[in-house]
Amino acid sequence: MEIRAVFTMGCNIMMLEAMLLVFLMISLTICSTEGFQQQWPVPYKRFDFRPKTDPYCQARYTFCPSGFENGSIPKMKDEDIIDVYRLQAPVWEFKYGDLLGHFKIMHDAVGFRSSITGKNYTAEWYELFQLGNCTFPHLRPNMEEPFWCNQGAACFYEGIDDEHWKSNGTLVPVARMSGGMFNQMSKWLKEDNDTGIYYETWTVQEPTRAKPRVWFESYDCSKFVLRTYQKIWELGATFNKEIQTNYTRIFLYSGEPVYLGNVSSIFGPHGNKSLAEDIRMFYTPFRPPHSFKEFLISILAIYDEVVLHKTFYLFYNFEYWYLPMEYPYIKLTYEEIPLPSNKHV
């Protein structure tokens, strides 16, 4: 699949997004690895190619409607000077305005401007089927295992929507590079997009202490921006050391995770029936509710499982892990991660 993709309007996930929003608001207030040295954080799995999406997965909002055909990125002249911009705006700003900005729930992207042509460009990485589908699975009646629509991809298009980024967010220059560096970055961006295919909402780590161990890293829009900054810095771009850059992160806090297995080892005729049922039951409250009463019941069920029973089943690298949850369980932060040049100041 190319960087640009178009998906028609599909299943209604409005209530699923609402459930995720409430879950984030709450955050503001067996197999083992014995004999095996587990690497922490678990490395994000890269793939040889991007598979086709399942027709069952549908997007309510078309992915990358303004992207270039065939995933192409315009080539710049080597002598061109490219300004790089930090772009940030509240998540779902097109629907809720600045509402989520008050809670620092932000979406990140990168902007570029050619000094020779005067043209602007935007690069961002986000979910093909919206955030709710990337965070929680579908429980289909004809399938035993949870069904995930969790692909994410890069979108590169001409123009920078000044009103979108400036009105409730940030649009500031952070770096400068040559056209030749930009062309090298473009090749890297395509490879990064073709091999990093799925979205991961959560960062999972030990509860707060001096140097907490991170169990799993998220893979989202902000991580795409950080990877892009790092790449162009390695290529020789110069960064403005005075710019402070903060990013939204959603943490789950747990003791050391326990590896459970992949889909084939848990589900199916030769799987672990008891564990399979536990995982399905865990994800049941995250299904889109059909009424406000069902919505409230689901929120209480999630609280009971995650906080009272201290249980969370994480799907990562297409494998399942058990998280023994610990206080504060879940937390949303807006913390500074310095620009690459600042690391050596």
Side-chain angles (χ1 to χ4, degrees), residues 1-7 44-53 57 59 61-76 82 84-89 91-94 106-114 119-131 133-135 148-161 164-165 169 171 174-175 177 179 181-201 217-235 237 245 247-248 317 337 340:
M1 172 180 169
E2 302 292 346
I3 294 178
R4 179 181 182 271
V6 176
F7 297 91
Y44 177 89
K45 184 178 179 179
R46 292 278 174 172
F47 293 80
D48 295 331
F49 63 93
R50 179 178 288 274
K52 292 183 178 180
T53 58
C57 298
Y61 304 102
T62 302
F63 176 80
C64 199
S66 303
F68 288 100
E69 292 291 342
N70 302 318
S72 61
I73 298 176
K75 188 174 182 178
M76 305 296 170
I82 309 297
V84 182
Y85 293 86
R86 165 175 166 80
L87 307 178
Q88 188 176 77
V91 169
W92 301 325
E93 189 263 353
F94 66 93
M106 310 296 283
H107 171 66
D108 299 275
V110 185
F112 305 95
R113 183 181 186 277
S114 164
K119 290 184 177 181
N120 299 323
Y121 303 92
T122 299
E124 53 187 333
W125 197 95
Y126 62 101
E127 326 85 25
L128 297 188
F129 308 109
Q130 281 73 67
L131 183 58
N133 278 321
C134 285
T135 308
W148 292 85
C149 296
N150 59 343
Q151 279 205 44
C155 175
F156 192 97
Y157 54 94
E158 184 175 339
I160 295 177
D161 187 345
H164 169 68
W165 300 107
L171 195 167
V174 293
M177 62 180 176
M181 295 176 192
F182 177 91
N183 295 333
Q184 293 181 67
M185 179 212 70
S186 298
K187 295 179 181 179
W188 164 83
L189 194 154
K190 186 178 189 309
E191 179 182 354
D192 181 80
N193 183 65
D194 289 342
T195 60
I197 66 172
Y198 71 93
Y199 189 101
E200 176 54 52
T201 302
E217 292 279 9
S218 62
Y219 198 85
D220 55 13
C221 62
S222 65
K223 288 300 177 71
F224 168 75
V225 170
L226 291 168
R227 290 195 306 277
T228 303
Y229 286 166
Q230 180 65 26
K231 184 61 181 180
I232 63 176
W233 178 70
E234 292 171 359
L235 292 172
T245 51
Y247 302 89
T248 300
N317 286 345
I337 302 178

Can you see which heavy atom on [X] is nearest to which on [Y], and at what distance?
X      : Y      : result
Val110 : Leu87  : C-CD1, 3.7 Å
Ser66  : Tyr157 : O-CB, 3.2 Å
Phe224 : Asp192 : CD1-OD2, 4.3 Å
Phe156 : Pro74  : CE2-CD, 3.9 Å
Ser114 : Ile82  : CA-CD1, 3.8 Å
Met106 : Thr248 : N-OG1, 2.9 Å

Heavy-atom donor-acceptor pair, [X] side chain to [Y] backbone, under 3.5 Å:
X      : Y      : answer
Thr245 : Ile337 : yes
Asn193 : Ala154 : yes
Arg227 : Ser222 : no
Asn183 : Lys75  : no
Arg86  : Asp108 : no

Q | Pair Val225-Tyr247, side-chain contact (heavy atoms from CB on, under 4.5 Å): steps then yes or no | A | CA-CA 10 Å; Val225 170; Tyr247 302 89; 4.1 Å; yes
Give, for atom [atom1] of [X] and atom [atom2] of [Y], the distance between the pair rounded to the nearest 0.5 Å.
X      : Y      : atom1 : atom2 : value
Ser72  : Lys190 : OG    : NZ    : 10.5 Å
Asn133 : Trp148 : CG    : CH2   : 10.0 Å
Lys45  : Thr195 : NZ    : OG1   : 12.5 Å

Is there side-chain contact between [X] and [Y], with at least one heavy-atom pair below 4.5 Å?
X      : Y      : result
Tyr199 : Leu128 : no
Tyr44  : Glu217 : no
Gln230 : Glu234 : yes
Tyr229 : Val174 : yes
Ile232 : Met181 : no
Pro51  : Gln151 : yes

Q.
Could you walk me through whether Met177 and Val84 satisfy the side-chain contact (heavy atoms from CB on, under 4.5 Å) test, starting with their C-alpha distance in whole Å, then the side-chain angles of each, then the deciding distance to 0.1 Å, before giving a yes or no?
A. CA-CA 8 Å; Met177 62 180 176; Val84 182; 4.2 Å; yes
Q | Separation of SG atoms, Cys149 and Cys57, below 2.5 Å | A |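 The answer is yes, since Cys57 and Cys149 bring their SG atoms under 2.5 Å apart.
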(Q) If you apply the rule side-chain contact (heavy atoms from CB on, under 4.5 Å), what do you find for Asp161 with Thr122, and how did you get there? (A) CA-CA 9 Å; Asp161 187 345; Thr122 299; over 6 Å; no
Q) Given Glu200 and Lys223, is the side-chain contact (heavy atoms from CB on, under 4.5 Å) satisfied, shown in steps? A) CA-CA 10 Å; Glu200 176 54 52; Lys223 288 300 177 71; over 6 Å; no
Q) Just checking, any donor-acceptor pair under 3.5 angstrom between side chains of His107 and Glu93? A)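 Not at all, the side chains of His107 and Glu93 share no donor-acceptor pair under 3.5 Å.
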Q: In sequence, state the C-alpha distance, the side-chain angles, and the governing distance for Asp194 and Arg46, and then conclude on salt bridge (Lys or Arg N to Asp or Glu O under 4.0 Å).
A: CA-CA 9 Å; Asp194 289 342; Arg46 292 278 174 172; over 6 Å; no
Q) Where does the angle between the aromatic ring planes of Phe63 and Tyr126 fall among parallel (under 30°), tilted (30 to 60°) and perpendicular (over 60°)? A)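 Geometry flag for Tyr126 against Phe63: tilted rings.
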(Q) Against Phe112, only a single residue in Phe182, Tyr121, Tyr85 fulfils ring pair (Phe, Tyr, Trp, His ring centres under 6.0 Å); can you say which? (A)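 By the ring pair (Phe, Tyr, Trp, His ring centres under 6.0 Å) criterion, Phe112 pairs with just one of Phe182, Tyr121, Tyr85: Phe182.
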